[in-house]
Amino acid sequence: MNNFIFLGPPGAGKGSLAVKVAADYNIPHISTGDIFRANIKNQTELGKKVDAIIKSGGLVSDEITCELVKDRLSQDDAKNGFILDGFPRTIPQAEMFTAICPDVKVVNFEIADEIVIKRLSTRRVCKACGANFNILTLPPKVEGVCDKCEGELFQRDDDKQESILHRMDVYREQTEPLINFYKEKGDITDLDAAIETSELMGIFKDKFPM
Ligand code: AMP
């Protein structure tokens, strides 16, 4: 079963690798951050509830997040596997998830803080389709314009310096303990995430043959 959890700090490249793995393994890429942002954009009740907390770089409550994930995983496309990107992020989320889905492969993205800070502060995202670019390492063909849909590129509020540092603290305090949580369970694979996504994809395929 291809049930993957991508674990690692913000800016580790989880989302970029997940896009490629989803396409090759034919499983959905489920990013809780993307789902929250879509709700904010569409001004749903959920979006209004989580907007300020996400801008500040804090975490949405476990209750709201777990409900959202349960609901998303109940959809048909997740029946034969999935990639969870950005979930679980706390021990209670991981405990809840183990209870509903014990069979999971955890991929731990290892990366130095300096690289994370650089990657996040130079990241740009398409307002329309959510595609990610980087003004240094993956610039769009036309500055400020998405290659895929010609949407406008912008910098996420939580990719600004103050929020980045806060998100890294939150990661260290609340999410990093999950590495030991899963190590004790046994099924966790470390990946050196400092390398390019295409190279990382080669390593991923070797470790997790289809
Ligand atoms: P991401 O796109 O994964 O960096 O997530 C962006 C923001 O969404 C995070 O900084 C949190 O505010 C919120 N978020 C995403 N996933 C979770 C989660 N599993 N638990 C709590 N908050 C989350």
Side-chain angles (χ1 to χ4, degrees), residues 3-19 21-22 28-42 44 46-73 78 82-101 104 106-109 111 113 115-127 129-134 153-179 181-182 193:
N3 295 343
F4 293 107
I5 286 175
F6 281 10
L7 185 64
K14 303 184 297 296
S16 304
L17 185 67
V19 168
V21 173
H29 166 206
I30 300 173
S31 154
T32 40
D34 283 350
I35 300 174
F36 286 136
R37 280 185 290 278
N39 276 275
I40 292 171
K41 190 174 156 195
N42 297 326
T44 66
L46 172 66
K48 285 179 202 157
K49 255 190 224 166
V50 302
D51 192 11
I53 188 105
I54 289 187
K55 276 200 181 110
S56 76
L59 291 186
V60 176
S61 75
D62 290 334
E63 201 187 340
I64 292 180
T65 310
C66 288
E67 270 315 301
L68 180 117
V69 169
K70 272 193 214 160
D71 183 57
R72 179 63 187 85
L73 289 179
F82 51 78
I83 307 155
L84 279 173
D85 161 15
F87 179 92
R89 250 178 162 99
T90 65
I91 293 282
Q93 290 179 14
E95 284 170 342
M96 179 293 289
F97 191 68
T98 302
I100 62 163
C101 181
V104 74
V106 181
V107 183
N108 176 35
F109 288 61
I111 190 140
D113 286 1
I115 304 180
V116 163
I117 294 173
K118 195 162 183 188
R119 276 190 189 170
L120 290 178
S121 55
T122 51
R123 172 160 72 180
R124 298 292 181 271
V125 184
C126 175
K127 251 186 194 156
C129 76
N132 277 232
F133 295 86
N134 186 288
L153 302 186
F154 77 112
Q155 182 173 39
R156 281 168 45 173
D157 283 319
D158 60 350
D159 279 348
K160 295 182 179 153
Q161 191 72 9
E162 218 179 84
S163 289
I164 292 176
L165 297 178
H166 183 45
R167 284 160 76 203
M168 290 172 68
D169 284 345
V170 169
Y171 171 77
R172 231 166 266 125
E173 281 162 26
Q174 309 234 43
T175 310
E176 211 170 46
L178 298 190
I179 298 174
F181 177 90
Y182 285 115

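All ligand and atom numbering here is 1-based and tracks the order in the structure.
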Those residues that, when tested against [X], pass side chain to side chain donor-acceptor pair (under 3.5 Å) (two or more places apart):
| X | answer |
| --- | --- |
| Asp113 | Arg172 |
| Asp159 | Arg123, Arg167 |
| Arg119 | none |

Between Thr90 (side chain only) and Thr175 (backbone N and O only), is there a donor and an acceptor less than 3.5 Å apart?
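Between the backbone of Thr175 and the side chain of Thr90 there is no qualifying donor-acceptor contact (under 3.5 Å).
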Verify whether the ring centers belonging to Phe109 and Phe6 lie closer than 6.0 Å.
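Yes, close enough.
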Which atom pair, heavy atoms only, marks the closest approach of Pro28 to Ala78?
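Heavy atoms of Pro28 and Ala78 come nearest at CG-CA, 4.0 Å.
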Write down, by chain and number, every protein residue that brings a non-hydrogen atom to less than 4.0 Å from an atom of ligand 1.
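Within the 4.0 Å shell of ligand 1, which is judged on heavy atoms, sit Thr32, Gly33, Phe36, Arg37, Ile54, Gly58, Leu59, Val60, Thr65, Gly86, Phe87, Arg89, Gln93, Arg156, Asp158, Arg167.
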